[in-house]
There are 2 protein chains.
Amino acid sequence: MRIGGEHRRTVWLAADGRTVLTFDQTRLPHELPVIALERLADAARAIREMQVRGAPLIGAIAAYGVALAMRADPSDAALEEACATLAATRPTAVNLRWALERMRAVLAPLPPGQRESRAYAEAAAISEEDVAICRAIGERGLPLLEAVARRKRPGEPVRVLTHCNAGWLATIDWGTATAPIYLAHRKGIPVHVWVDETRPRNQGAAITAFELGQEGVPHTVIADNAGGHLMRQGMVDLCLVGTDRVARNGDVANKIGTYLKALAAFDNGVPFYVALPSSTIDWTIRDGSAIPIEERAGEELALVSGRTRDGRIETVRITPDGTACGNWAFDVTPARLVTAFVTERGVCPANEAGLLALFPERAAA
Amino acid sequence: MRIGGEHRRTVWLAADGRTVLTFDQTRLPHELPVIALERLADAARAIREMQVRGAPLIGAIAAYGVALAMRADPSDAALEEACATLAATRPTAVNLRWALERMRAVLAPLPPGQRESRAYAEAAAISEEDVAICRAIGERGLPLLEAVARRKRPGEPVRVLTHCNAGWLATIDWGTATAPIYLAHRKGIPVHVWVDETRPRNQGAAITAFELGQEGVPHTVIADNAGGHLMRQGMVDLCLVGTDRVARNGDVANKIGTYLKALAAFDNGVPFYVALPSSTIDWTIRDGSAIPIEERAGEELALVSGRTRDGRIETVRITPDGTACGNWAFDVTPARLVTAFVTERGVCPANEAGLLALFPERAAA
């Protein structure tokens, strides 16, 4: 997708073919510096400190993290350490572990001398596959927006509410929840996106608003509190969000607050769609109660960063000194509130039968 | 209630008996300067710019605003102008207009020469009555918390979730939603309050957390997004919020986001109580669809104020430059999601019959 009119991806290699380049997303929406990952520790830190975020991008950076580790030391011990270190960075995202398992499965049987180049090739393959998957999610989801557009008067936009950032900056390109939106916009379908601010880290206000703006998609940032009111007022045609992990029964772990929007959508008859690459499905867990919910530092809530009037990036405390803050990063939306999943293979009901109809190879799992 | 261990109210008179003193709440939680209101315009500005907020406090400041106007000019024209000016400051709060009607009804029949002193007396009476009403709400609501406490193991707190600030800083003393909490705490019942941050103005993080802290009530600030997760996890015993206007059928207008918490409470079998003085009931409207929802400047969402590490109060922008922000200040929670109202006359079902059983004098209205 575009930044400053130029097409970019979220991860690429430096001229040396080995240094991994990505964006530090923590200074968005005001700055988006490129950072160089030279070592395993750089990749782990980038994930842990959320310089990179979003399940697919985390998976790709983890894969490249293994490659960086193999570059320094291709031993069995180093491979195990790399996988363990990277797996510990974020507990909820399932395709972090999916990517690590894939890297391990490919690399472990190889003699150490072949691991570095194979690791880079595999990380690149994971990235390319993600682009193709996101594009496919876009194509599969596009008819949902087109169907709404057909019911509108000419020029009236399809109004989509989204939460957090399941955009291209959370993936390699296109995004998951944003892919149908970007495709619709490029096809000339009028779209307007309600962008949930997404406290406490403001990924909506900072990242989704940034990327929609760079791509030219009309949008309005709203408080996380506002979506219910908009739905009651008939101002939302559909909700479209991403996910960090889907259980076998269709329960959805996503950014904290997703559940509240799903409740409001259900209460108002607004379709609630979840876009996901199939790597996000955790076939090993029966339902959402088995998904661990990451608790992060309360300071993420107490401290807000942004740009001052005179152009400095500054951090301010919004709570009284010493006040306890609770910070659960995700919640679980029960499958009963989800209208449908949008996957790279198509749209399906949010339940085990629906998922298995699209992914029959998982029936035995 | 207490600030720095001293008992304070939110509005009082200077030594001259005429200048109205109150707190500028816009710099909370870090500073709480006293401001002097000398003229009608000062009172109108304090309400419009939300230096004072909360339906009961707005009513009292509006009443004193009329008194300040009468001090400058006790003519009929000045009385009408004062009421019109003050009524225009905030469209949703019903007891702003209630207080102005009361002032007008008392003052209009009087000869101008008697209006100033009577206006101050009436504003003082409104304030005293509000203290008594809030205290009564506390006493009526206390049994709801005591009932939960009886089911707990010794020392286990009653866990209350609240949204925005319906605390004593929104009233003259005690608060509405906080009054049962403060009374329970003073009686030695262990209480823990989940404080919704309450974007976009952060009244929970800034004001409710401040006053609970000053009073010594244990609490944790959470993102507005988090309450649904907490309720699903069984970590909330009851929700208790205030309201800006209640329709005759029991629909509740309150700070944007209240509806989402009510949905989550309903979905999880958590009681959802709304505390209100009866002046908040708008007997003239059948249901919540008739309540005007104030839209405020988008900058309230885009700009966040707080204290920097080196102690300055600073404002930072959290959205990309030029991004549109939508800012609806209230939403309407349908009566079907409200377990009960807590009023100064008792607890009642959230419907017309319930309200009329407590306020039978309104049956003919």
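Reminder, nothing fancy here: chain letters follow the sequence lines and each chain counts from 1.
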Trainee: I'd like to know which of A226(B), P200(B), G227(B) tops the heavy-atom pair count under 4.5 Å against chain A.
Mentor: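 The answer is A226(B).
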Trainee: Quick one, E295(A) and N327(A) - any side-chain contact, counting heavy atoms below 4.5 Å?
Mentor: no
Trainee: Check each atom of L212(A) against the heavy atoms of chain B and say whether the ones under 4.5 Å are side chain, backbone, both or neither.
Mentor: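 For L212(A), neither part sits under 4.5 Å from chain B.
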Trainee: Side chains of T178(B) and M1(B): closer than 4.5 Å at any heavy-atom pair?
Mentor: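 T178(B) does not reach M1(B) side chain to side chain.
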Trainee: If you count heavy atoms of other groups shown closer than 6.0 angstrom to OH of Y273(A), is the number above 12?
Mentor: yes
Trainee: For chain B, which residues from residues 332-339 of chain A lie under 4.5 Å away (heavy-atom distances)?
Mentor: V332(A), P334(A), R336(A)
Trainee: Hey, which of D196(B), V252(B), N254(B) is the one that makes side chain to side chain contact (heavy atoms under 4.5 Å, CB included) with V241(B)?
Mentor: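 Among D196(B), V252(B), N254(B), the one that satisfies the side chain to side chain contact (heavy atoms under 4.5 Å, CB included) with V241(B) is N254(B).
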Trainee: Check whether L303(A) gets within reach of chain B through its side chain, its backbone, both or neither, counting any heavy atom under 4.5 Å.
Mentor: neither
Trainee: Any carboxylate oxygen within less than 4.0 angstrom of a Lys/Arg side-chain nitrogen, looking at D224(B) and R199(B)?
Mentor: no
Trainee: If we ignore hydrogens and angles and just use 3.5 Å, is the side chain of H192(B) paired with the main-chain N or O of P218(B) as donor and acceptor?
Mentor: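 Side chain of H192(B) to backbone of P218(B), a donor-acceptor pair under 3.5 Å: no, none is there.
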Trainee: Let me know if E314(A) has heavy atoms under 4.5 Å from chain B in its side chain, its backbone, both or neither.
Mentor: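 Both parts, heavy atoms under 4.5 Å.
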Trainee: Check E294(B) with R296(B), please: is the shortest side-chain N to carboxylate O separation under 4.0 Å?
Mentor: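 Salt bridge flag = yes for E294(B) with R296(B).
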Trainee: With a 4.5 angstrom heavy-atom cut-off, is it the side chain or the backbone of R317(A) that approaches chain B, or both, or neither?
Mentor: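 For R317(A), heavy atoms of backbone and side chain both lie under 4.5 Å from chain B.
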Trainee: If you measure only the distance, is there a donor-acceptor pair under 3.5 Å linking the side chains of R53(A) and Q25(A)?
Mentor: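 Short answer, yes.
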Trainee: Relative to chain B, which segment of T220(A) carries a heavy atom at a distance below 4.5 Å: side chain, backbone, both, or neither?
Mentor: both
Trainee: Non-hydrogen atoms of chain B under 4.5 Å away: do they reach the side chain of H163(A), the backbone, both or neither?
Mentor: side chain
Trainee: Quick one: do R307(A) and D321(B) make a salt bridge, cutoff under 4.0 Å?
Mentor: yes
Trainee: Please list, in residue-number order, every residue in residues 255-265 of chain B that has a heavy atom less than 4.5 Å from any heavy atom of chain A; write 'none' if there are none.
Mentor: I256(B), G257(B), Y259(B), L260(B), K261(B), L263(B), A264(B)
